[in-house]
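Residue numbers begin at 1 in each chain, while the letters A, B, ... track the order of the sequences.
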Amino acid sequence: MAKQAWLMKSEPDVFSLQDLKSRPRQTEPWDGVRNYQARNFMRDSMKLGDPVLFYHSNTNPPGVAGLAKVSSGPKPDLLAFDKKSKYFDPKSDPDNPRWLLVDVKYVAEFPNYVALNLLKEDPQLEGMLVAKRWQRLSIQPVDWDHLLRVLELGGLDEGLLKS
DNA sequence: GCCAACGTTGGC
DNA sequence: GCCAACGTTGGC
(Lines give C-alpha, C1' and ligand atoms only; values in the text may rest on other atoms or scores of the structure.)
Protein backbone atom coordinates (compact mmCIF):
# COMPACT_ATOMS: atom_id res chain seq x y z
CA MET A 1 0.00 0.00 0.00
CA ALA A 2 1.67 3.13 -1.22
CA LYS A 3 1.53 6.17 0.99
CA GLN A 4 -0.39 9.00 -0.65
CA ALA A 5 0.40 12.68 -0.74
CA TRP A 6 -1.62 15.60 -2.11
CA LEU A 7 -1.28 19.01 -3.64
CA MET A 8 -3.83 21.71 -2.85
CA LYS A 9 -4.02 25.01 -4.69
CA SER A 10 -4.90 28.32 -3.17
CA GLU A 11 -4.64 31.86 -4.39
CA PRO A 12 -2.36 33.57 -1.87
CA ASP A 13 -4.32 36.81 -2.20
CA VAL A 14 -7.30 34.88 -0.84
CA PHE A 15 -5.68 32.37 1.49
CA SER A 16 -1.94 31.77 1.68
CA LEU A 17 0.27 29.33 3.56
CA GLN A 18 1.19 32.24 5.83
CA ASP A 19 -2.51 32.76 6.56
CA LEU A 20 -2.77 29.11 7.55
CA LYS A 21 0.28 29.46 9.78
CA SER A 22 -1.23 32.44 11.59
CA ARG A 23 -4.53 30.71 12.38
CA PRO A 24 -5.00 30.01 16.11
CA ARG A 25 -4.58 26.25 15.73
CA GLN A 26 -2.75 26.59 12.41
CA THR A 27 -5.69 24.71 11.01
CA GLU A 28 -8.38 25.66 8.54
CA PRO A 29 -11.27 23.89 6.82
CA TRP A 30 -10.53 23.72 3.09
CA ASP A 31 -13.82 25.31 2.08
CA GLY A 32 -15.07 26.63 -1.22
CA VAL A 33 -14.21 23.61 -3.37
CA ARG A 34 -16.98 23.27 -5.96
CA ASN A 35 -15.51 20.65 -8.22
CA TYR A 36 -16.66 17.05 -7.84
CA GLN A 37 -13.34 15.40 -8.54
CA ALA A 38 -11.60 17.56 -5.95
CA ARG A 39 -14.42 16.95 -3.47
CA ASN A 40 -14.18 13.21 -4.00
CA PHE A 41 -10.50 13.22 -3.08
CA MET A 42 -11.34 14.92 0.21
CA ARG A 43 -14.38 12.76 0.86
CA ASP A 44 -13.04 9.37 -0.18
CA SER A 45 -9.29 9.25 -0.39
CA MET A 46 -7.57 11.59 2.03
CA LYS A 47 -6.37 10.08 5.28
CA LEU A 48 -5.62 11.83 8.53
CA GLY A 49 -2.00 12.95 8.50
CA ASP A 50 -1.51 12.69 4.73
CA PRO A 51 1.07 15.28 3.60
CA VAL A 52 -0.17 18.20 1.52
CA LEU A 53 1.91 20.40 -0.75
CA PHE A 54 0.48 23.89 -0.35
CA TYR A 55 0.49 25.45 -3.82
CA HIS A 56 0.10 29.13 -4.58
CA SER A 57 -1.77 29.71 -7.84
CA ASN A 58 -2.63 32.88 -9.71
CA THR A 59 0.45 34.61 -8.43
CA ASN A 60 3.83 35.39 -9.88
CA PRO A 61 5.49 33.00 -9.85
CA PRO A 62 3.09 30.20 -9.01
CA GLY A 63 4.61 27.37 -7.00
CA VAL A 64 4.72 25.23 -3.87
CA ALA A 65 5.09 27.37 -0.74
CA GLY A 66 5.36 24.67 1.87
CA LEU A 67 4.01 21.63 3.62
CA ALA A 68 0.71 21.00 5.40
CA LYS A 69 -1.21 17.89 6.37
CA VAL A 70 -4.73 16.54 6.44
CA SER A 71 -6.01 17.07 9.97
CA SER A 72 -9.62 15.90 9.94
CA GLY A 73 -11.90 13.42 8.30
CA PRO A 74 -14.51 14.56 5.78
CA LYS A 75 -17.18 16.95 7.02
CA PRO A 76 -19.72 19.32 5.43
CA ASP A 77 -18.62 22.58 3.86
CA LEU A 78 -20.76 25.04 5.84
CA LEU A 79 -20.31 27.83 3.29
CA ALA A 80 -22.65 25.90 1.00
CA PHE A 81 -25.47 26.71 3.46
CA ASP A 82 -24.57 30.38 3.89
CA LYS A 83 -26.71 32.53 1.61
CA LYS A 84 -24.25 35.40 1.90
CA SER A 85 -21.28 33.34 0.78
CA LYS A 86 -20.12 33.24 -2.81
CA TYR A 87 -19.89 29.49 -2.24
CA PHE A 88 -23.56 29.18 -1.31
CA ASP A 89 -25.19 26.27 -3.11
CA PRO A 90 -28.98 26.03 -2.80
CA LYS A 91 -28.78 22.44 -3.99
CA SER A 92 -26.71 21.37 -1.00
CA ASP A 93 -29.14 19.87 1.52
CA PRO A 94 -28.04 20.15 5.17
CA ASP A 95 -29.33 16.62 5.71
CA ASN A 96 -27.31 15.32 2.80
CA PRO A 97 -24.52 17.83 2.09
CA ARG A 98 -23.24 17.97 -1.43
CA TRP A 99 -19.92 19.56 -0.54
CA LEU A 100 -17.51 17.92 1.91
CA LEU A 101 -14.09 19.07 3.00
CA VAL A 102 -11.21 18.23 5.33
CA ASP A 103 -9.21 20.40 7.70
CA VAL A 104 -5.66 21.23 6.70
CA LYS A 105 -2.94 21.96 9.23
CA TYR A 106 0.24 23.92 8.75
CA VAL A 107 3.50 21.97 8.99
CA ALA A 108 6.28 24.12 7.56
CA GLU A 109 7.12 26.80 5.06
CA PHE A 110 9.78 25.92 2.51
CA PRO A 111 13.10 27.72 3.00
CA ASN A 112 13.16 27.74 -0.82
CA TYR A 113 9.90 28.46 -2.62
CA VAL A 114 9.55 25.87 -5.37
CA ALA A 115 8.30 27.74 -8.41
CA LEU A 116 6.26 25.97 -11.08
CA ASN A 117 9.00 26.31 -13.67
CA LEU A 118 11.33 24.32 -11.39
CA LEU A 119 8.73 21.57 -11.09
CA LYS A 120 8.43 21.48 -14.85
CA GLU A 121 12.17 21.36 -15.44
CA ASP A 122 13.00 18.68 -12.89
CA PRO A 123 13.51 15.28 -14.53
CA GLN A 124 12.60 13.50 -11.29
CA LEU A 125 9.18 15.14 -11.33
CA GLU A 126 8.21 14.00 -14.78
CA GLY A 127 4.52 13.14 -14.89
CA MET A 128 3.61 15.22 -11.85
CA LEU A 129 0.12 16.53 -12.55
CA VAL A 130 0.67 20.14 -11.53
CA ALA A 131 3.54 20.43 -14.00
CA LYS A 132 1.31 19.47 -16.91
CA ARG A 133 -0.22 22.12 -19.10
CA TRP A 134 -3.90 22.93 -18.59
CA GLN A 135 -4.09 20.97 -15.36
CA ARG A 136 -6.71 22.98 -13.51
CA LEU A 137 -7.75 20.53 -10.81
CA SER A 138 -7.37 22.30 -7.47
CA ILE A 139 -6.68 19.14 -5.47
CA GLN A 140 -4.34 16.57 -6.95
CA PRO A 141 -2.84 13.28 -5.79
CA VAL A 142 0.97 13.35 -5.60
CA ASP A 143 3.23 10.30 -5.85
CA TRP A 144 5.33 9.70 -2.76
CA ASP A 145 8.64 9.98 -4.60
CA HIS A 146 7.48 13.25 -6.14
CA LEU A 147 6.61 14.51 -2.66
CA LEU A 148 10.10 13.66 -1.40
CA ARG A 149 11.69 15.41 -4.35
CA VAL A 150 9.63 18.58 -3.87
CA LEU A 151 10.56 18.62 -0.17
CA GLU A 152 14.20 18.34 -1.19
CA LEU A 153 13.85 21.22 -3.65
CA GLY A 154 12.08 23.24 -0.96
CA GLY A 155 14.85 22.62 1.51
CA LEU A 156 12.84 20.66 4.07
CA ASP A 157 13.93 17.46 5.78
CA GLU A 158 11.62 14.55 5.10
CA GLY A 159 11.74 13.78 8.82
CA LEU A 160 8.97 16.37 9.09
CA LEU A 161 6.62 13.82 7.57
CA LYS A 162 6.76 11.73 10.72
CA SER A 163 5.30 14.39 12.99
C1' DG B 1 -6.08 40.97 -19.63
C1' DC B 2 -5.88 37.02 -22.89
C1' DC B 3 -7.36 32.69 -23.84
C1' DA B 4 -7.12 27.33 -23.92
C1' DA B 5 -9.17 23.74 -21.62
C1' DC B 6 -12.76 21.80 -19.55
C1' DG B 7 -16.62 21.31 -16.09
C1' DT B 8 -21.43 22.60 -15.67
C1' DT B 9 -25.93 24.04 -17.09
C1' DG B 10 -30.10 23.96 -19.41
C1' DG B 11 -32.95 23.82 -23.71
C1' DC B 12 -34.60 20.57 -26.60
C1' DG C 1 -29.29 12.26 -22.80
C1' DC C 2 -27.12 15.33 -26.38
C1' DC C 3 -24.55 19.24 -26.96
C1' DA C 4 -24.04 24.39 -27.44
C1' DA C 5 -23.36 28.07 -24.50
C1' DC C 6 -21.47 29.66 -20.59
C1' DG C 7 -18.39 30.17 -16.59
C1' DT C 8 -14.14 29.24 -14.28
C1' DT C 9 -9.32 28.18 -13.78
C1' DG C 10 -4.90 29.63 -13.91
C1' DG C 11 -0.52 30.21 -16.60
C1' DC C 12 1.40 33.53 -19.29
Side-chain angles (χ1 to χ4, degrees), chain A residues 4-23 28-46 50-70 74-104 106-143 145-147 149-156:
Chain A
Q4 185 62 62
W6 305 94
L7 178 142
M8 298 171 89
K9 296 182 186 173
S10 184
E11 301 188 19
D13 290 347
V14 179
F15 188 75
S16 68
L17 179 67
Q18 292 73 28
D19 292 329
L20 181 63
K21 183 181 183 180
S22 62
R23 284 292 188 268
E28 187 77 357
W30 201 262
D31 51 25
V33 169
R34 295 294 177 267
N35 170 281
Y36 291 106
Q37 212 179 338
R39 178 206 64 184
N40 293 348
F41 284 136
M42 293 197 283
R43 187 189 62 187
D44 306 330
S45 307
M46 286 187 172
D50 278 356
V52 172
L53 295 173
F54 197 113
Y55 182 88
H56 283 174
S57 64
N58 249 306
T59 188
N60 191 15
V64 182
L67 184 66
K69 65 180 177 184
V70 176
K75 53 190 192 179
D77 182 342
L78 300 178
L79 293 185
F81 310 128
D82 178 359
K83 285 201 170 67
K84 294 190 295 285
S85 169
K86 68 178 279 203
Y87 297 112
F88 174 65
D89 182 356
K91 293 179 201 151
S92 187
D93 174 1
D95 294 327
N96 182 21
R98 171 180 295 207
W99 301 111
L100 301 177
L101 53 71
V102 298
D103 284 346
V104 169
Y106 175 85
V107 176
E109 185 172 355
F110 283 172
N112 316 312
Y113 181 81
V114 183
L116 177 61
N117 70 307
L118 284 178
L119 298 175
K120 287 183 170 174
E121 287 166 6
D122 195 303
Q124 291 185 47
L125 295 178
E126 201 174 343
M128 191 176 180
L129 286 179
V130 74
K132 289 187 176 163
R133 229 166 122 83
W134 310 128
Q135 181 49 71
R136 299 186 306 162
L137 194 58
S138 67
I139 298 179
Q140 305 176 359
V142 172
D143 293 346
D145 57 337
H146 288 164
L147 169 74
R149 177 58 176 159
V150 175
L151 288 184
E152 186 181 1
L153 292 172
L156 278 189

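More than 12 non-hydrogen atoms from other residues, nucleotides or ligands lie less than 6.0 angstrom from CD of Glu121(A).
Salt-bridge annotation for Asp89(A) and Arg34(A): absent, with no side-chain N of the basic residue lying under 4.0 Å from a carboxylate O of the acidic one.
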Report summary line: Counting primed atoms, P, OP1 and OP2 as sugar-phosphate and everything else as base, the B/S/- map of nucleotides 3-12 of chain C against protein heavy atoms under 4.0 Å is ----BBBBSS
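A centroid separation of less than 6.0 Å is found between the aromatic rings of Trp99(A) and Tyr36(A).
Exactly one of Trp30(A), Tyr106(A), Phe110(A), Tyr113(A) qualifies for a ring-ring contact (aromatic ring centres under 6.0 Å, His included) with Phe54(A). That residue is Trp30(A).
In terms of heavy atoms, Asp93(A) sits closest to Phe81(A) at C-CE2, 3.9 Å.
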